[in-house]
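Report on the structure given below.
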Amino acid sequence: MRLTRMFLPTLKESPATAEVVSHKLMLRAGMIRKVAAGIYSLLPLGVRVTRKVEGIVRDEMNRAGAQEVVMPVVVPSELWLESGRWDDYGKEMLRLKDRGDREFCMAPTHEEVITDMVRGEVRSYKQLPLNLYQIQTKFRDEIRPRFGLMRGREFVMKDAYSFHATEECAEREYREILKAYTNIFKRCGLEFRAVEAEAGPIGGSFSHEFMVLADTGEDAVVSCTSCDYAANVERAEIGASEVAAAVVDIPALEKVSTPGQKTIEEVSGFLKIEQASLIKTLIYKVQKQDKKEEFVAVLLCGDRELNVVKLVRLLGAGSMELAEDVDVERITGAPAGFVGPVGLKIPVYADWGVDGIRGGVTGANELNTHLLNVASGRDFTPSYADLRLAGAGDACPRCDGVFELRRGIEVGHIFKLGTKYSESMGATFLDENGREKPLIMCCYGIGIGRTAAAAIEQNHDDGGIIWPAPLAPFDCHIVAVNIKDEPTMKVADALYSELQEKGLEVLFDDRKVRAGFKFKDADLIGVPVRITISANTVVEGSVELKERRGGEARLVKIEDVAEEIQKIVGEG
RNA sequence: CGGGGCGUGGCGCAGUCUGGUAGCGCACCUGCUUUGGGAGCAGGGAGUCGGAGGUUCGAAUCCUCUCGCCCCGACCA
């Protein structure tokens, strides 16, 4: 593509509204333009990158035996009423009416549609398993869209759904796609982790997220430094490590006045005691499954956070929330900030870490007062469990390694759905014994635009984007330093044709602007290889080759250019 | 949903407090010079100041309403 003819509006300054690098660079490099909050148009360069991601995804999905379908964006309410999600999905689902006042939505996901498609056709176990996928636009009316393509309202997603006669078969397929996803993100040239994750509101029994590692990621991920365990911190289990110390040599409890010192930081600073030696006490209001309410206390080391999901699971609760101030005072006798486990009449749960605190500090359940020399087992007896949010240095639950903490961008998510949709929507088949059973389902998603954005978050410098070769909009970028110089243009034109004939995608900057201007644009756009053609090197039959990802420019004989580029971008 | 902020040429902003008839940088067009890291000079085009209503001799500026966009928070002791 000749730059003089390409719709590629690059920007020197970045629009004020862009917050994260990928968003800024996509705007500056002329890949996207905003149409409304969380809604973007893709410009030619954006389309090229998107197609690269889609191509890899499509290829690996097909290879894994999945078949491509396309489902509608606008879906009638009936299907959602059947699954129960018309009411459950809430405001994230954009609803609309047609001229006959019939209700529809812009599909935020397609479980209902695919289940409907399959239930109409699949009758027998002989037709299973089946894996169908699509690459389609979805709409979720996010509370707060942000970060460009990273968290838009309208976005392109590859979603796949598999259908099985048996659990074993479903799990086998789940493993297959896990492998396929690993191939996909490897081929995209991204550093990523497949992590154990919470299944979330979509439901199901287990799930993995694919996280592209980048400091700007919205999610926190722990991974073991010595085995391959990795998990979203929301999910991560922690291995037991703290060993209980002997209780004997701890001095007696002592009250200390701590006027106005409520937070962990304040108490820690006031008493000159490490945050880790403080015992944080949270009072939670728990909604049990049978709708009864109960209050519980949760203890954590002062420097750690509670993982609410772990507590919910431990108690088998329906939901829970922090107790209101009035409830805290009624139950403990003190306002929030001065609460402690000693003498509490409600059930007390503690994270394992608390067992390691000897001679700790807690609230005294008395205004402006804390207790010193508190010891678990002597002064209070909690039920211990793994309750804290995992962090760096915590023990791995699978081996004796420890966690490191990284940030990640969720680009893929796979779930085992089970029979949630097939049961509610009557998608059944007849097994070998002629018995009717609900189909067992799994679903598998990949955010296409988000993957491109994540690639930028992970691969950029001050000058702009540094595309991993497989996602790059072009393989190489020819810069003709001076278009008025005839020898230069002769070589540039010839190379442009030759490289294209050899199957390379070539961007040719033939604009009448100064060299520096072209170099800046080239760095911004981030094509892997730049070929600089100028009068002084052309005389000796060579041109300059420079890789976007570091490295010095080097002279290459004109006849060797194609081969060199193919070596770098890994084609041919 | 709660809190905060912003809408002024394509982009980034000043001007608003203290009303007087719109300005700067980038981009764009023309010419000359320049030509390896976002050139210089000269000339030029482009804005119903988000929209509606009001106050006033006069409104980008003050008041009311409205629309749009952005940020922070939504499990914190």
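This is a predicted model, so every value here is computed, not measured. Lettering of chains follows the sequences in order, A, B, ..., and the numbering in each one begins at 1.
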How many Å lie between [atom1] on [X] and [atom2] on [N], as a whole number?
X	N	atom1	atom2	result
Leu311(A)	C75(B)	CG	C1'	12 Å
Glu142(A)	C70(B)	CD	P	13 Å
Lys24(A)	C70(B)	NZ	P	15 Å
Ile39(A)	G68(B)	CD1	C1'	13 Å
Lys512(A)	A39(B)	NZ	P	15 Å
Met150(A)	C71(B)	CE	P	13 Å
Ile283(A)	C76(B)	CD1	C1'	14 Å
Leu43(A)	G10(B)	CG	P	17 Å

Candidates [options] - which lies nearest the side chain of [X]:
X	options	result
Glu305(A)	A77(B), G37(B), G36(B)	A77(B)
Leu524(A)	G36(B), G38(B), C75(B)	G38(B)
Lys484(A)	G25(B), G36(B), U35(B)	U35(B)
Phe517(A)	G38(B), G36(B), A77(B)	G38(B)
Glu13(A)	A77(B), G36(B), C11(B)	C11(B)
Lys12(A)	G37(B), A27(B), C71(B)	A27(B)
Arg146(A)	A77(B), C71(B), G36(B)	C71(B)
Arg514(A)	G37(B), U35(B), C11(B)	U35(B)

Can you give me every donor-acceptor pair (side chain of residues 30-43 of chain A, partner residue at least two apart or in another chain, under 3.5 Å) with its distance?
residue	atom	partner	partner atom	Å
Arg33(A)	NH1	Leu27(A)	O	2.8
Arg33(A)	NH2	Pro9(A)	O	2.9
Tyr40(A)	OH	His23(A)	NE2	3.2

Quick one: does Arg530(A) reach the base of G36(B) with a side-chain donor-acceptor pair under 3.5 Å?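 It does not, because no donor-acceptor pair links the side chain of Arg530(A) to the base of G36(B) below 3.5 Å.
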Base of G36(B) paired with side chain of Asn482(A) (donor-acceptor, under 3.5 Å):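 In this structure, the two groups form no donor-acceptor pair.
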When rounded to the nearest Å, what value does the distance between [atom1] atoms of [N] and [M] take?
N	M	atom1	value
U66(B)	G2(B)	P	14 Å
C41(B)	C24(B)	P	15 Å
U18(B)	G5(B)	C1'	23 Å
C6(B)	U33(B)	P	48 Å
C1(B)	G37(B)	C1'	49 Å
C17(B)	A60(B)	P	12 Å
A46(B)	A22(B)	C1'	14 Å
G23(B)	G47(B)	P	13 Å

What does [N] pair with, Watson-Crick or G-U, if both distances are under 3.5 Å?
N	result
C1(B)	G73(B)
C65(B)	G51(B)
A59(B)	none
A39(B)	U33(B)
C28(B)	G44(B)

Using a strict cut-off of less than 4.0 Å between a Lys/Arg side-chain nitrogen and an Asp/Glu carboxylate oxygen, indicate whether [X] and [Y] qualify as a salt bridge.
X	Y	value
Arg140(A)	Glu154(A)	no
Asp141(A)	Lys91(A)	no
Glu564(A)	Arg554(A)	yes
Glu13(A)	Arg28(A)	no
Glu366(A)	Lys255(A)	yes

Would you kindly compare Arg28(A) and Gly38(A) by the position of their nearest RNA chain B nucleotide and give the one closer to the 5′ end?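 So the residue in question is Arg28(A).
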Taking the nucleotide of RNA chain B with the closest heavy atom to each, which residue, Gly337(A) or Ile533(A), is nearer the 5' end?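 Nearest nucleotide further toward 5': that of Ile533(A).
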Is the phosphate of C70(B), meaning OP1 or OP2, less than 4.0 Å from a side-chain N or O of Lys34(A)?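 Yes, such a contact exists.
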It should be established whether Lys520(A) places a side-chain nitrogen or oxygen under 4.0 Å from OP1 or OP2 of nucleotide G37(B).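 No, outside the criterion.
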Classify the nucleic acid contact of [X] as base, sugar-phosphate or nothing, counting any heavy atom under 4.0 Å across all strands shown.
X	value
Ile143(A)	base
Val513(A)	nothing
Phe147(A)	nothing
Glu19(A)	sugar-phosphate

Heavy-atom side-chain proximity of Ile533(A) to Val538(A) below 4.5 angstrom: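 In contact.
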Ignoring hydrogens and angles, write down the donor-acceptor pairs under 3.5 Å from the side chains of residues 268-280 of chain A, residues two or more places apart or on other chains.
residue	atom	partner	partner atom	Å
Ser268(A)	OG	Ile273(A)	O	2.7
Lys280(A)	NZ	Arg304(A)	O	2.9

